[in-house]
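Quantities reported herein were computed from a predicted structural model and do not represent experimental measurements. First the proteins, then the strands, lettered A, B, ... as listed; each starts at 1.
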Amino acid sequence: MYALIDCNNFFVSCERLFDPALEGMPVGVLSNNDGCIIARSEELKALGIAMGMPMHQIPSMQRQRIVFKSSNYALYGDLSSRVQRVLAARVPALEPYSIDECFLDLRGMSNDLDALGRELVHAVEREVGLPVSLGIAPTRTLAKLANRRAKGMPGRPQLCLWPDANAPDLSHFLRQLPVKAVWGIGSRLALRLASLGIDNAAALRDAPEALLRKRFSVVMARTARELRGTPCLEAHDLDTPRRSILCSRSFGRLLNERDQLSDALRHHCQRAGEKLRRDDMLASAIGVFLRTNPHHAGPQQSHPLWTMLPFPSADTLRLNHYAQRLLAELWQPGIAYQKLGVMLADLSPRRGSQTSLFEGHEPARQEALMQTWDAIHRRYGRHALTLGLQCRNAAWQMNSRYHSPRYTTRWDELPQVST
DNA sequence: TCTGGGGTCCTAGGACCC
DNA sequence: TCTGGGGTCCTAGGACCC
């Protein structure tokens, strides 16, 4: 038996937790660069503002009634880990799935799943202050749907329990549910399924397995089985090392200046190196991409250029050196670029890494330099030491006009309270 | 004018082997 | 004119997730 617990309108709820004046108002949290809507309060949904809607497509009349917030990942990330701590204290197996969702493996847990579910929801709401909903079902795919069902329920706690695939209202719910709402079915697959007459979740559940395997893939067949109540998905293993690292940003405006692009890339390399060392990994390959705005007409560029590093490394200086060479190859005069990113791949653990007979390895003094670098950051903050000069408000930096304070991680951003 | 960032997994197809 | 069969490995690209 699995549970999926999900924070309702997570980013909006985080903003409201520290600014109760937002309660009852239409609130929209914006993507990086204040580009589009990535989280909506119920009031904003009621205004007909769609998820992912670009900011500039919202009519200005409507815009004046909406409270916008730039995304504040320092705040959301911290609250997310608090939610996880509350849950981890109550169930043996936790599988964090995203910043606002967690699967719980309830096998071997109490028989009274309803009481357990209520306790979990209340605990998060009481100890963190964020509203959550909970779905319980025999498979992760059904637990996702039970969670969706719970969200539609009035009152608290929002909880839906489907102890088996024959639960009374389950079939009815699946028949009403567009197939696209099933976990793993995106808009492309939904279109292809519809062409076979499969347009709701119950139809997918009942479709012949051979057909799904033949016309789609094993993934689709697995999804259908999960809908029938047979668990087929592996646990989202926390210990699985990540396979790639990506650091990228859209610019505040379109750019072609070499020095600006080079500055931005240096900044991304610095972040990528930090991520790599935090995971205690080395990278063997590095890629850079420069992207034009795909929404504009005219020649497009987006393909990355890759190169192998001479040996696996987590040295920011080395990463930057090779990345800058790739940038020089990619850059073309007169093209307006919108986004730049660096990617690291062929990752391997630093400890016990095999060095081949012909392959070099990172000199000890470079490793020591990076350890010192990270130690300075831990002690004095991330801006204490940067690769080259990194000025604030450079043209390549993103827009963030509606940023709230990082309430839980920065003393200096706490609002002053007069005594 | 303004359209996010960061991941994972799967498959098709090409290159290559004997 | 006719031009094998069977396998592995790798990569690019598509699809998905939040």
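For the pair A:Arg188 and C:dC16, the criterion of a side-chain N or O lying under 4.0 Å from OP1 or OP2 is not met. In this model, the phosphate group of B:dT8 is approached by a side-chain N or O of A:Ser244 to a distance below 4.0 Å at OP1 or OP2. Contact between the side-chain N/O atoms of A:Ser250 and the OP1/OP2 oxygens of B:dG5 is found at a separation under 4.0 Å. For the pair A:Arg192 and C:dC16, the criterion of a side-chain N or O lying under 4.0 Å from OP1 or OP2 is not met. Contact annotation: A:Gln338 side-chain N/O to B:dC2 OP1/OP2 distance is not under 4.0 Å. In terms of phosphate contacts, A:Lys275 brings a side-chain nitrogen or oxygen within less than 4.0 Å of OP1 or OP2 of B:dG7. For B:dG5, one of the phosphate oxygens OP1 or OP2 lies less than 4.0 angstrom from a side-chain nitrogen or oxygen of A:Lys339. For A:Asn293, a side-chain nitrogen or oxygen approaches OP1 or OP2 of B:dT3 to under 4.0 Å.
For A:Arg258 and A:Trp331, the positive end sits near the middle of the six-membered ring, less than 6.0 Å away and at most 45° from its axis.
Backbone-only contact: A:Ile245 has heavy atoms under 4.0 Å from sugar-phosphate atoms and none from a base. Across all strands shown, A:Arg253 has no heavy atoms under 4.0 Å from either base or sugar-phosphate atoms.
Among the candidates A:Gln158, A:Arg156, A:Lys151, the single residue satisfying the side chain to side chain donor-acceptor pair (under 3.5 Å) test with A:Ser133 is A:Lys151.
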Determine which bases of DNA chain B form Watson-Crick or G-U wobble pairs with both distances under 3.5 Å, and write the result as a 5' to 3' dot-bracket string with | for other-strand partners. ....||||||||||||||
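Rounded to whole Å, the C1' atom of B:dG4 lies 15 Å from the corresponding atom of C:dC17.
A salt bridge links A:Glu101 to A:Lys144: at least one charged side-chain nitrogen sits closer than 4.0 Å to a carboxylate oxygen. Classification of A:Glu127 and A:Arg82 as a salt-bridged pair fails, no side-chain N sitting under 4.0 Å from a carboxylate O.
Between A:Phe18 and A:Tyr407, the ring planes lie parallel to each other; the angle is under 30°, not in the 30° to 60° tilted range. A:Tyr76 and A:Tyr73 have perpendicular rings, their planes meeting at more than 60° on a 0 to 90° scale where under 30° would count as parallel.
Among residues two or more places apart in sequence or in another chain, the salt bridge (Lys or Arg N to Asp or Glu O under 4.0 Å) test is passed with A:Arg277 by A:Asp374.
Mapping A:His295 and A:Arg213 onto DNA chain B by nearest heavy atom places A:His295 at the nucleotide closer to the 5' end. Position along DNA chain B of the nearest nucleotide to A:Gln57 versus A:Val218 favours A:Gln57 as the more 5'-ward residue.
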